Amino acid sequence: MSIRRPWIAPLLGACIIMTMTTARGDEGMWVFNNLPLKTLKNRHGFTPPPGWADHLRSAAVRFNNGGSGSFVSADGLIMTNHHVGADTLAKLSTPENDYYKRGFHARTRAEEARAPDLELNALVGIEDVTARVNADVTSDMDDAAAALARRKASAAIEKESTEKTGLRSDVVTLYQGGQYHLYTYKKYTDVRLVFAPEFDVAFFGGDADNFEFPRYCLDVCFFRAYEDGEPARIENFLKWSPNGSKEGDLVFVAGHPGRTDRLNTVASVEYLRDFGFPSLLDWLHAKEEFLLAFGGKSDEAFRQAKEELFSIQNSRKAREGGHQGLKDPGFIARKKAAEDDLRARIAADPAKRAAYGAAWDKIAAAQKVNVETARPYTFLERGRGLDSTLFQIARGLVRLAREKTKPNADRLKEYRDSALESLSLELFSTAPIYPEFERAKLAFGLAYWRKTTPDDPVLARVLAGRSPERAAADLVDGCKLADVAVRRKLADGGLAAIEASDDPMIKLALAVDADARALRKRREDQVEGVEAANYALIARALFEERGDAVYPDATFTLRLAFGTVKGYTVDGRTIPPYTKIGGAFEHEMAHGAKPPYKLPESWHEARDAGRLDLDAAFNFVSTADIIGGNSGSPVVDRKGEVVGLIFDGNVQSLVLDFGYDDAVARAVSVDSRAIAEALRSVYRADDLLKELTAR
């Protein structure tokens, strides 16, 4: 959901530097080394005490599958959303034990189930490396050459940091190229599932209620991080608030918003409005239809497809909302007016005009290449047309063998030395692969590719005169890569073993790799490189006017957002900020107690036995500035204690990717009191509740 001045936060134990910056209202996804203290003091009368930000930063956790979480006990207990844990729940499930559907509760440490390929990252330090990344960029370089120089410098910085610290080290692009910061993370790869409720209460109301409010969802999941076979010892974990929040309270969200485009030029936004979103939505609708059809074949087929189905449905609904926002003439007019105003001020100053004046036109020209390459790039390099876990494994093995023969600085980013441990976790995952689902997905991908770009020569080579269904069957049925031992043997054998393999997926990955790399290079040189160089110029122009009071767009790195618990009004209807547990049963009856409005039997039993507090708060909304990627983020109060758990935004928040507005946009959270009440009264998870609420 995601440009700035050089600041350095040394490694573990050092204080995060917080500078005095301001923001409009409660807007902002702020980096932890540049927090808006002036705004917090002037608007909310709050000055974080010493160590407050460091503690919150250290407790935050990033999930490698695109979500957020937080440490909530000294013994490595981690809280996130059920839908963030859904991928692991699906991979741990079997036809006999569907943990995704019926839930999971490890009553002892021995029962905690290890995730097959989950990596968690806890941010340790931030260092501004902008000067180092740009050190080899010279004025006579074109944008492509400059981008290559920056990639090589970033690779060297990451490698040096990883070797020095043993930490995961990522050079992060901020302000679309205005700054580069080195983020170092402690990694946890032994992660075990502790608790998840039933799907029917985690996603109560289903797709119909998604991005809506009022809501009644227990979208929570608990994992535990282990080190050397024992629960990780965590110094900085978040304590549980005994009282929760109330209307008007100031709350904070520490999470990892995925991507925003608020600093994008009008040309970039128009590309998304006119091409990027329509093409993505067309594919999402088609993929959703396919998954519904496949899942409708049997209960087992639905079990295999459902996690991907719900992910696609969530993405489709989110992008529909975002696209509607982009089509609002008023939004584009405001965006254009702001851009025209900045460009006019730059044009009025000869020095600034010479330095920055051409940036917008160059970015606009890059969008034409974006349109030309987007479809073939997504089908081939991003794998939309080769929709198969087995193919992705094959490509990973092929590229690993080829990239390891190169100097580290010349490799693709995901194959640099600093990334190999994380890559191996995914490449050699023991997660199950289902042949029938693989055949069906690949056939769908190939058929959609043929429908969209029927004359693509690469597709013609892939099909080789076969139907999509026949090609998919040939490729999947002959593939041996579902066996992890086979993958390891190929990886250990290097390029010679890969090139000698007769596995059809390996042969396909070899056959299309040159074409995919060529598309990737063209986009890196003519789109991404141009954007990075020229957004950096725009960022400098903004810095000259406003300093670092501008927060960077989201980049799936740790950010702090804040706001107040506050309802809103839509179409004359006032929406209170809280729902109650009793309201879930009323919502169920109002919809005939039929899925997706059917609460689990465990909840009915707890209510009928008189154990469940029906007046306890269930979900609530706030003005905190969040987007996708913030799922699973802790919501804390001024003391830094947990009062909630982000799991959604309302439909009015979906345009926040492109601009902030708190009139009706709201972040939706599970209330901490609902989590505690459910653990106590529904699931009888006394040991887990005791660990969670220990003071």
Side-chain angles (χ1 to χ4, degrees), residues 1-2 143-144 147 176-177 258-289 312 314-336 338-339 359-387 444-445 447-459 515-516 518-535 538 553-554 627-628 654-659:
M1 303 175 173
S2 89
D143 291 336
Q176 284 100 329
R259 177 188 171 93
T260 53
D261 296 298
R262 296 179 185 178
L263 298 178
N264 277 22
T265 65
V266 171
S268 294
V269 171
E270 288 176 339
Y271 160 79
L272 291 169
R273 181 195 64 191
D274 300 336
F275 184 85
F277 271 46
S279 61
L280 174 59
L281 282 166
D282 186 76
W283 175 75
L284 288 169
H285 281 287
K287 184 69 178 289
E288 180 181 8
E289 184 178 339
I312 289 290
N314 183 71
S315 295
R316 182 259 305 155
K317 196 166 187 180
R319 298 305 178 269
E320 285 174 341
H323 192 218
Q324 284 301 117
L326 289 183
K327 292 193 292 185
D328 177 4
F331 172 80
I332 294 295
R334 291 189 296 273
K335 183 84 174 174
K336 188 174 187 306
E339 182 171 298
W360 286 267
D361 293 336
K362 289 183 178 180
I363 291 171
Q367 303 318 304
K368 297 178 182 178
V369 182
N370 216 352
V371 171
E372 293 172 13
T373 59
R375 281 200 174 96
Y377 176 79
T378 54
F379 283 128
L380 188 53
E381 174 61 17
R382 297 293 296 274
R384 188 179 293 175
L386 297 165
D387 190 358
F444 162 77
Y448 186 80
W449 189 357
R450 185 174 64 177
K451 173 187 173 183
T452 308
T453 54
D455 299 325
D456 191 311
V458 179
L459 174 61
D515 301 279
L519 282 165
R520 177 168 173 162
K521 187 175 189 309
R522 187 181 179 199
R523 284 182 64 83
E524 287 177 344
D525 290 350
Q526 299 180 30
V527 180
E528 296 167 11
V530 173
E531 289 180 336
N534 289 284
Y535 274 120
I538 295 172
D553 267 316
I627 61 161
L654 295 178
V655 76
L656 295 186
D657 287 12
F658 308 100

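Bear in mind the structure is a predicted one, so any value in this text is a computation, not a measurement.
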- request: State whether Lys287 and Asp387 are salt-bridged, where the test is any N-O pair (Lys NZ or Arg NE/NH1/NH2 against Asp/Glu carboxylate O) under 4.0 Å.
  value: yes

Arg523 side chain to Thr373 side chain, donor-acceptor N/O pair below 3.5 angstrom: yes

- request: Could you grab the distance from atom CD1 of Ile332 to atom CD of Glu270, nearest 0.5 Å is fine?
  value: 6.0 Å

message: Closer than 3.5 angstrom, by distance alone: can the side chain of Glu339 be matched with the main-chain N or O of Val266 as a donor-acceptor pair?
response: yes

query: How many angstroms lie between atom CG of Leu284 and atom CD of Glu289, to the nearest 0.5 angstrom?
result: 13.0 Å

field: Close side-chain approach of Asp456 to Leu380, heavy-atom, < 4.5 Å
entry: no

field: Test item: Ile363 and Tyr535 side chains (from C-beta on) under 4.5 Å apart, heavy atoms
entry: yes

statement: In terms of heavy-atom contacts, His323 and Arg273 come closest through NE2-O, 2.8 Å

task: Would you please test Ile538 and Thr265 for side chain to side chain contact (heavy atoms under 4.5 Å, CB included) and show each step?
output: CA-CA 10 Å; Ile538 295 172; Thr265 65; 3.9 Å; yes

task: Kindly compute the distance separating CD (Glu288) from CZ (Arg316), expressed to the nearest 0.5 Å.
output: 4.0 Å

- prompt: In Å, rounded to the nearest 0.5 Å, how long is the span from CG of Asp515 to CG of Leu459?
  reply: 11.5 Å

- line: In terms of heavy-atom contacts, Phe275 and Arg375 come closest through CE1-NH1, 3.5 Å

- prompt: Would a 4.5 Å heavy-atom cut-off, applied to side chains only, mark Val458 and Trp449 as touching?
  reply: yes

Minimum heavy-atom distance between Ala366 and Val530, given as atom pair plus value: CB-CG1, 3.9 Å

field: Test item: Val269 and Phe331 side chains (from C-beta on) under 4.5 Å apart, heavy atoms
entry: yes

task: Report yes if some heavy atom in the side chain of Asp282 is under 4.5 Å from a heavy atom in the side chain of Tyr448; otherwise report no.
output: yes

- prompt: So, Gln176 and Asn534: side-chain donor and acceptor under 3.5 Å apart, yes or no?
  reply: no

message: Quick check on Glu372: does its CD atom have over 12 non-hydrogen neighbours (other residues, nucleotides or ligands) under 6.0 Å away?
response: yes

- request: Identify the residue among Gln367, Lys362, Gln526 that makes a side chain to side chain donor-acceptor pair (under 3.5 Å) with Glu531.
  value: Gln367

query: Does the side chain of Arg384 come within less than 4.5 Å of Leu280's, by heavy atoms?
result: yes

- request: Would you check, one step at a time, whether the test side chain to side chain contact (heavy atoms under 4.5 Å, CB included) holds for Glu320 with Leu281?
  value: CA-CA 7 Å; Glu320 285 174 341; Leu281 282 166; 3.6 Å; yes

- line: Tightest non-hydrogen contact, residues Ala374 and Tyr271, listed as CB-OH, 3.6 Å

query: Does any non-hydrogen side-chain atom of Thr452 lie less than 4.5 Å from one of Trp283?
result: no

query: Okay, side chain of Ser279, backbone of Gly276: is any donor-acceptor separation there less than 3.5 Å?
result: yes

message: With heavy-atom distances below 4.5 Å as the criterion, would you say the side chains of Asn370 and Tyr377 are in contact?
response: no

- prompt: What is the minimum heavy-atom distance between Ala533 and Asp143, and which atoms define it?
  reply: CB-OD1, 3.4 Å

Short side-chain to backbone donor-acceptor contact, Lys335 and Arg262, under 3.5 Å: yes

